[in-house]
Protein chains: 2
Amino acid sequence: MSRRRLGYLLKHAGLRLGELTGPALEPYGIDGREFAVLSVLGAREPLSQLEAAQRLGIDRTTMVAMVDALERKGLVGRRPHPGDRRKNIVEPTERGREVLGAATRAVEEAEEAFLAVLPDQDAQRLREALDRLV
Amino acid sequence: MSRRRLGYLLKHAGLRLGELTGPALEPYGIDGREFAVLSVLGAREPLSQLEAAQRLGIDRTTMVAMVDALERKGLVGRRPHPGDRRKNIVEPTERGREVLGAATRAVEEAEEAFLAVLPDQDAQRLREALDRLV
DNA sequence: TATTGTTATACTCTATAACTATA
DNA sequence: TATAGTTATAGAGTATAACAATA
């Protein structure tokens, strides 16, 4: 049995991973949270702000500030939803898609570096176990 | 390959676990952070505030407030270090040790419930993998 | 001079409440 | 009446800077 609590391990694993992904994203001018938002907004179907917020498990008021920041950086754009004008459709700009692609590769490399201490199969199992737990 | 990012999985796994450990600790009047501090202070050798902070990876100014809270609740006590009077030795009170024991069992049960969706061996592997990564 | 504990302060992240506009 | 976006605000949680006591 591990001597350290599971909560400690999860928290500090996330912190350590963040120490790798943070610098990996820096060249693209975004942080980990902005990358997460950009990722869901780059999904196949266009999303409203609320839908994007729900996919990430964050509040819609938090999403406002995230979209503001990405819009200021020219990475996403808002437009009214054609059928329901209460909603904003938020989509990556062309540059947003480029950044998303490059940043995704950078994050995947950071994840690989983070997981490098584990045999490949163990890393794969870790992902699958976390996926089931979440 | 998992579609969700590793950072997301680690963060939300921690959040979901916290939803179980939080209520599990409530009967003992402490939250997860206080439990973590009480745990390291309940270790074999008595620790100073700074040593406890370093074991948890938190700042020594943060530790002041944590020890204040636990002391108010009668779960730990400060006393000067005999050989170095700059230091506080912080140790659980008798009641602190009782609470620590009961709270530890409650947290372990919450962890088991959290991991229940995984086969035993996978849960064990998850712990070991996280332990290596941290 | 350096270290430990402390206080005051500030910053980040996030949510709640209240408003506007649309449905 | 309810929903989506927005704004203002407040609450965690944490760290940095400065100070006193001690080494």
Side-chain angles (χ1 to χ4, degrees), chain A residues 7-8 10-12 14-19 21-22 25-26 30-38 40-41 45-72 76-91, chain B residues 7-8 10-12 14-19 21-22 25-26 30-38 40-41 45-72 76-91:
Chain A
Y8 176 93
L10 289 170
K11 177 180 174 183
H12 285 258
L15 288 173
R16 267 220 48 205
L17 175 59
E19 288 167 10
T21 54
L25 287 170
E26 217 167 303
I30 56 176
D31 62 24
R33 291 157 62 244
E34 290 166 343
F35 171 71
V37 172
L38 188 57
V40 308
L41 293 175
E45 345 77 73
L47 298 178
S48 72
Q49 289 185 201
L50 184 58
E51 287 162 346
Q54 286 166 341
R55 296 213 181 178
L56 289 170
I58 65 179
D59 194 83
R60 73 191 206 270
T61 63
T62 303
M63 183 56 69
V64 173
M66 304 297 301
V67 173
D68 283 349
L70 290 170
E71 196 172 40
R72 271 196 306 273
V76 306
R78 290 169 158 108
R79 60 179 174 84
H81 187 293
D84 184 344
R85 290 191 321 193
R86 292 174 302 186
K87 296 184 181 176
N88 286 342
I89 295 298
V90 190
E91 283 175 311
Chain B
Y8 176 92
L10 289 169
K11 177 180 173 184
H12 285 258
L15 288 173
R16 268 221 48 204
L17 176 59
E19 289 166 9
T21 54
L25 288 170
E26 216 167 303
I30 57 176
D31 62 25
R33 292 157 61 245
E34 290 166 345
F35 171 72
V37 172
L38 188 57
V40 307
L41 292 175
E45 344 77 72
L47 298 178
S48 72
Q49 290 185 199
L50 184 58
E51 287 161 345
Q54 286 166 342
R55 298 214 180 178
L56 289 170
I58 65 179
D59 196 82
R60 73 189 204 274
T61 62
T62 302
M63 183 56 69
V64 174
M66 303 296 303
V67 173
D68 283 350
L70 290 170
E71 197 172 39
R72 270 196 306 274
V76 305
R78 289 169 158 107
R79 60 179 175 84
H81 187 293
D84 183 346
R85 289 190 322 189
R86 292 173 302 184
K87 297 183 182 178
N88 286 342
I89 295 298
V90 190
E91 283 176 310

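To find a chain, count down the sequence lines: A is the first, B the second, and so on, and within it residues start at 1.
- The span of DNA chain C lying next to chain B, judged by atoms under 4.0 Å from heavy atoms, is bounded 5' to 3' by C:dA2 to C:dT14.
- Atom-to-atom, CG of B:Leu50 to P of D:dT22 comes out at 18 Å; the value is rounded to the nearest Å.
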- side chain to side chain contact (heavy atoms under 4.5 Å, CB included) between A:Ile30 and A:Val37: does it pass, once the steps are laid out? CA-CA 10 Å; A:Ile30 56 176; A:Val37 172; over 6 Å; no
- List the steps and the verdict of side chain to side chain contact (heavy atoms under 4.5 Å, CB included) for B:Val64 and B:Gln49. CA-CA 7 Å; B:Val64 174; B:Gln49 290 185 199; 3.9 Å; yes
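- Taking atom CG of residue A:Asp84 and atom P of nucleotide D:dA2, one finds them 16 Å apart after rounding to whole Å.
- For B:Pro82 and A:Ile89, each mapped to the nucleotide of DNA chain D holding its nearest heavy atom, the one lying further toward the 5' end belongs to A:Ile89.
- Side-chain N or O atoms of A:Asn88 include none that pairs as donor or acceptor with a backbone N or O of A:Val90 at under 3.5 Å.
- Here B:Tyr8 contributes atom OH and B:Leu15 contributes atom CG; the two are 9.0 Å apart, rounded to the nearest 0.5 Å.
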Please enumerate all protein N or O atoms sitting under 3.5 Å from an N or O of nucleotides 9-13 of chain D, with distances to 0.1 Å.
from	atom 1	to	atom 2	distance (Å)
D:dG13	OP2	B:Arg33	NH1	3.3

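- Once rounded to the nearest 0.5 Å, the distance linking CG of A:Asp31 with OG1 of A:Thr21 reads 9.5 Å.
- Expressed to the nearest 0.5 Å, how far CD of B:Glu91 lies from CD of B:Glu45 amounts to 10.5 Å.
- Note: B:Met66 CE to B:Leu56 CG = 8.0 Å, rounded to the nearest 0.5 Å.
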- Any chance you could lay out the side chain to side chain contact (heavy atoms under 4.5 Å, CB included) test for A:Gln54 and A:Val40, step after step, and finish with the verdict? CA-CA 10 Å; A:Gln54 286 166 341; A:Val40 308; over 6 Å; no
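- Spacing between atom CG of B:Asn88 and atom C1' of D:dA21 amounts to 12 Å, rounded to whole angstrom units.
- DNA chain D lies under 4.0 Å from at least one heavy atom of each of the following residues of residues 54-67 of chain A: A:Arg60, A:Thr61, A:Val64.
- One atom, CG of A:Asp68, and another, C1' of D:dT7, lie 11 Å apart when rounded to the nearest Å.
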